[in-house]
Amino acid sequence: MKIEVLSRDPSVLFRDSSQKIHKLPRNYSADQHPFQQEQGHNDTVQRVEPHPYSVSTFLSSSSSGEFIIWNLAQRRLICKVQAHRGSSTGLGISPNGEIIASCGADSILALYKLDLEATVADEAFPSLEVTRKLQSAPNSLDHLRASNSQEMVVCVGTSLELWSHLRADPLHRWEWGNSPMLHTRCSPVEKNLVGVATHSRALLLIDTRQPQPLRKMTLELRPNAISWNPQEAPRFVLACEDYNLYSWDMRKLSSAVFVHKGHTSAVLDVNFHNSGREFASASYDRTVRLWECNSSSSREVYHTQRMQRVSGVRYSLDGRYVISASDEMNLRLWKARADDKIAIMSQREKDSLNYNERLIKSYKNHPEIRKIIRHRHLPKHVYNAKKELKIINDALKRKEENRRKHSQQNTYPHIAEQVKHVIGEDE
């Protein structure tokens, strides 16, 4: 009689100690899951970028070292490219839409040639053009718009490096101290201007034609991301660890133009609308918020029950949609205007909507109308965190007022909210 015996390795099935979680075996083979949908990312989505000419095309990269090209109109994956051995830390596409740049924890900068028409038609994938070994593991990259004939990429890690796909060595390298640089973004208007957020709570404004930074500003808490206004050259927005966003004018860094409050945890990413009048932010509190540039509070809050920490957010090329990337390996598409109708509308419907908008604009300062316009349903964890923050801020205000009452005059002067978060500024 033939007896078949099951033999399993105990180290695969059982915990090493009681402090560790139970192991759950899972077979990732597609043959064992015939009913699953088309596989996308299998790790945290880190970056998302729109194509500069195709409205329906987006790129996203994940911690598994791959990037994916998506067609949002058809809701399908066009192609998947394994670019790095470790986590992918930066993703960008050139202004002409022909070069995809990707950097990762393996200290590799990879440049891919993209023929969008052939890729969408499933006739060709992005071809690897060059790879460059960086001095250290980069944290972010962006394409410099200084030259149309030569594609240049800015990478930041322990130093800032300017690369060209025609050169084996960097065109230039800047180093200032030992503090690593976390995020970089090139200005779409001033072609040689680069903004860099560092781990030492500093913001650097750099002209790639000069050896030293133009300006340096130190904040109370670390900035995580920067986004330039595409219509106003000196304006930009910082996403910070203190749950706030700050609008700045680079001509006067001693005071913020606006302080945008609403998030209940660190803000991880920010991106401007093409009109320059509003921007979107992604936060650790698992929400996406849309803001107007001249308002300190958000006009929309997007959230779902399953969405985890939101690591990236971008507007679509036409500005009608917002796409977010989050920890649970998903991309989500939101409407930039929540009440907009996507379907084709008749002229009668358009006139009715325009008339309602004019009514709201005329009576927006009425208490009841204002309450309806500003109200947004929040998830329970955000609602409770918001109440807790209000209690903390009220206590700090009472403490400052008590100090002023029981101290000599001008010992504790009033400091504006736009100024108190700036520690120092160097030119």
Item to complete: Would you mind reporting whether Q212 and Q210 have side-chain heavy atoms less than 4.5 Å apart?
Response: no
Expected output: side-chain T198 to main-chain A202 donor-acceptor under 3.5 Å: yes
Check your understanding: Thinking salt bridges, do D249 and R251 make one under a 4.0 Å N-O criterion?
Key -> yes
query: Taking the side chain from S107 and the backbone from A137, do they hold a donor-acceptor pair closer than 3.5 Å?
result: yes
Interatomic distance, OG@S255 vs CD@E417, rounded to 0.5 Å, equals 10.5 Å
| request: Might you confirm whether atom CD of Q408 has over 12 heavy atoms from other residues, nucleotides or ligands at distances under 6.0 Å? | output: no
_More than 12 heavy atoms of other residues, nucleotides or ligands under 6.0 Å from NZ of K386: yes or no?_
no
Fill in: salt bridge (Lys or Arg N to Asp or Glu O under 4.0 Å) assessment of E129 paired with K113
CA-CA 6 Å; E129 187 170 345; K113 186 73 173 179; 5.2 Å; no
Donor-acceptor contact below 3.5 Å, side chain R15 vs main chain K20: yes
Discussion item. Could you walk me through whether L182 and R222 satisfy the side chain to side chain contact (heavy atoms under 4.5 Å, CB included) test, starting with their C-alpha distance in whole Å, then the side-chain angles of each, then the deciding distance to 0.1 Å, before giving a yes or no?
Written reply: CA-CA 10 Å; L182 300 177; R222 186 184 73 194; 3.2 Å; yes
Shortest non-hydrogen pair, A266 vs N224, comes out as CB-ND2, 4.3 Å
Rounded to the nearest 0.5 angstrom, the CG-CD1 distance for L59 and I93 is 5.0 Å
### Message
Is it the case that the side chain of Q231 and the backbone of N274 share a donor-acceptor pair, with hydrogens and angles ignored and the cut-off at 3.5 Å?
### Response
yes
| Can any side-chain N or O of S283 pair as donor or acceptor with the backbone N or O of T287 at less than 3.5 Å? | no
Neighbour count above 12 (heavy atom, 6.0 Å) for K133 NZ = yes
Between L219 and the options V422, D242, L203, the side chain to side chain contact (heavy atoms under 4.5 Å, CB included) test singles out V422
| said: If you count heavy atoms of other groups shown closer than 6.0 angstrom to NZ of K252, is the number above 12? | reply: no
message = Does this structure show an ion pair linking R286 with E328, if we count only N-O contacts that are shorter than 4.0 Å?
response = no
Practice problem: Answer yes or no: is there an ion pair linking E220 with R201, defined by an N-O contact shorter than 4.0 Å? | Solution: no
The complete set of side-chain hydrogen bond (donor to acceptor under 3.5 Å, both in side chains) pairs with one or both residues in residues 44-58, sequence neighbours excluded, reads Q46-S63, E49-R314, S54-T57
In short, side-chain hydrogen bond (donor to acceptor under 3.5 Å, both in side chains) pairs touching residues 356-376 with sequence neighbours left out are E300-R376
Taken to the nearest 0.5 Å, the spacing of L111 CG from S127 OG works out to 11.0 Å
Are the side chains of Y112 and I99 in touch, meaning some heavy atoms are under 4.5 Å apart?
-> no
* To do: Return yes if some donor-acceptor pair links the side-chain N/O of H84 with the main-chain N/O of G86 below 3.5 Å, else return no.
  => no
### Query
Between S316 (side chain) and Y321 (backbone), is there a donor-acceptor pair under 3.5 Å?
yes
Test: R398 and D394 ion pair at under 4.0 Å: no
Taken in chain and number order and not counting sequence neighbours, the residues that satisfy ring-ring contact (aromatic ring centres under 6.0 Å, His included) with H421 are Y246
### Task
Give a yes or no on whether Y302 atom OH has more than 12 heavy-atom contacts from other residues, nucleotides or ligands under 6.0 Å away.
yes
d(I100 CD1, S94 OG) to nearest 0.5 Å is 8.5 Å
Side chain proximity check, W248 to V257, heavy atoms < 4.5 angstrom
no
With a 3.5 Å cut-off and no angle check, do the side chains of S62 and D43 form a donor-acceptor pair?
-> no
Quiz item: Within the side chain of N192, is there an N or O that forms a donor-acceptor pair under 3.5 Å with the backbone of R209?
Solution: no
- May I ask you to say whether K216 pairs ionically with E425, meaning some side-chain N is under 4.0 Å from a carboxylate O? no
Open item on the list: Is there a side-chain contact between L134 and W163 in this structure, where contact means two heavy atoms from C-beta onward sitting under 4.5 Å apart?
Closed with: yes
Practice prompt. Indicate yes or no for a side-chain donor-acceptor contact from N139 to the backbone of M181 under 3.5 Å, with no hydrogens or angles considered.
Written response: yes
So NE2 of H260 and OG of S296: to nearest 0.5 Å the spacing works out to 8.0 Å
Scanning both residues in full, the closest heavy-atom pair of L253 with L205 reads CD1-CD1, 4.1 Å
Taking the six-membered ring for Trp and the full ring for Phe, Tyr or His, determine whether the centres of F236 and W228 are under 6.0 Å apart. yes
**Prompt:** Just by distance, with hydrogens left out, do W174 and S159 show a side-chain donor and acceptor under 3.5 Å apart?
**Reply:** no
So do the side chains of P95 and H143 get within less than 4.5 Å of each other, counting heavy atoms only? yes
- prompt: Just by modelled atom types, is the R337 backbone N or O under 3.5 Å from a matching donor or acceptor in the R320 side chain?
  reply: no
Self-check item: E401 atom CD, over 12 foreign heavy atoms within 6.0 Å
Solution: yes
Report task. Fit a plane to each ring of H273 and Y315, take the angle between them on a 0 to 90° scale, and name the class: parallel (under 30°), tilted (30 to 60°) or perpendicular (over 60°). Result -> perpendicular
d(I68 CD1, L331 CG) to nearest 0.5 Å is 8.0 Å
Going by distance alone, is a donor N or O of one side chain under 3.5 Å from an acceptor N or O of the other, for S64 and H41? no
Correct closest heavy-atom pair for L128 and A110 would be CD1-CB, 4.1 Å
Between V313 and the options V270, V322, L268, the side chain to side chain contact (heavy atoms under 4.5 Å, CB included) test singles out V322
Notebook entry, point to check: Less than 6.0 Å separating the ring centroids of Y284 and H263?
Noted result: no
- With the side chain counted from C-beta on, respond yes when L389 and Y243 share a heavy-atom pair under 4.5 Å apart, and no when they do not. yes
**Asked** Tell me, do W291 and E278 make a side-chain contact under 4.5 Å, heavy atoms counted?
**Response** no
Worksheet item: Can you tell if the side chain of P50 reaches within under 4.5 Å of the side chain of L317, non-hydrogen atoms only?
Response: no
>> Just checking R173: does its CZ atom have more than 12 heavy atoms from other residues, nucleotides or ligands closer to it than 6.0 angstrom?
In response: yes
For S136 and T158 the tightest heavy-atom approach is OG-OG1, 2.9 Å
Ring of Y412, cation from R404 - is the NZ or CZ under 6.0 Å from the centre and inside 45° of the axis? no
Would you indicate whether E175, at its atom CD, is surrounded by more than 12 heavy atoms from other residues, nucleotides or ligands within a distance under 6.0 Å? yes
Residues V382 and R289: closest non-hydrogen pair is CG1-NH2, 4.2 Å
- [ ] Decide side chain to side chain contact (heavy atoms under 4.5 Å, CB included) for D340 and L353; before the verdict, give the C-alpha distance in whole Å, the side-chain angles of both, and the deciding distance to 0.1 Å.
- [x] CA-CA 9 Å; D340 276 356; L353 290 175; over 6 Å; no
Residues L141 and S102: closest non-hydrogen pair is CD2-C, 3.9 Å
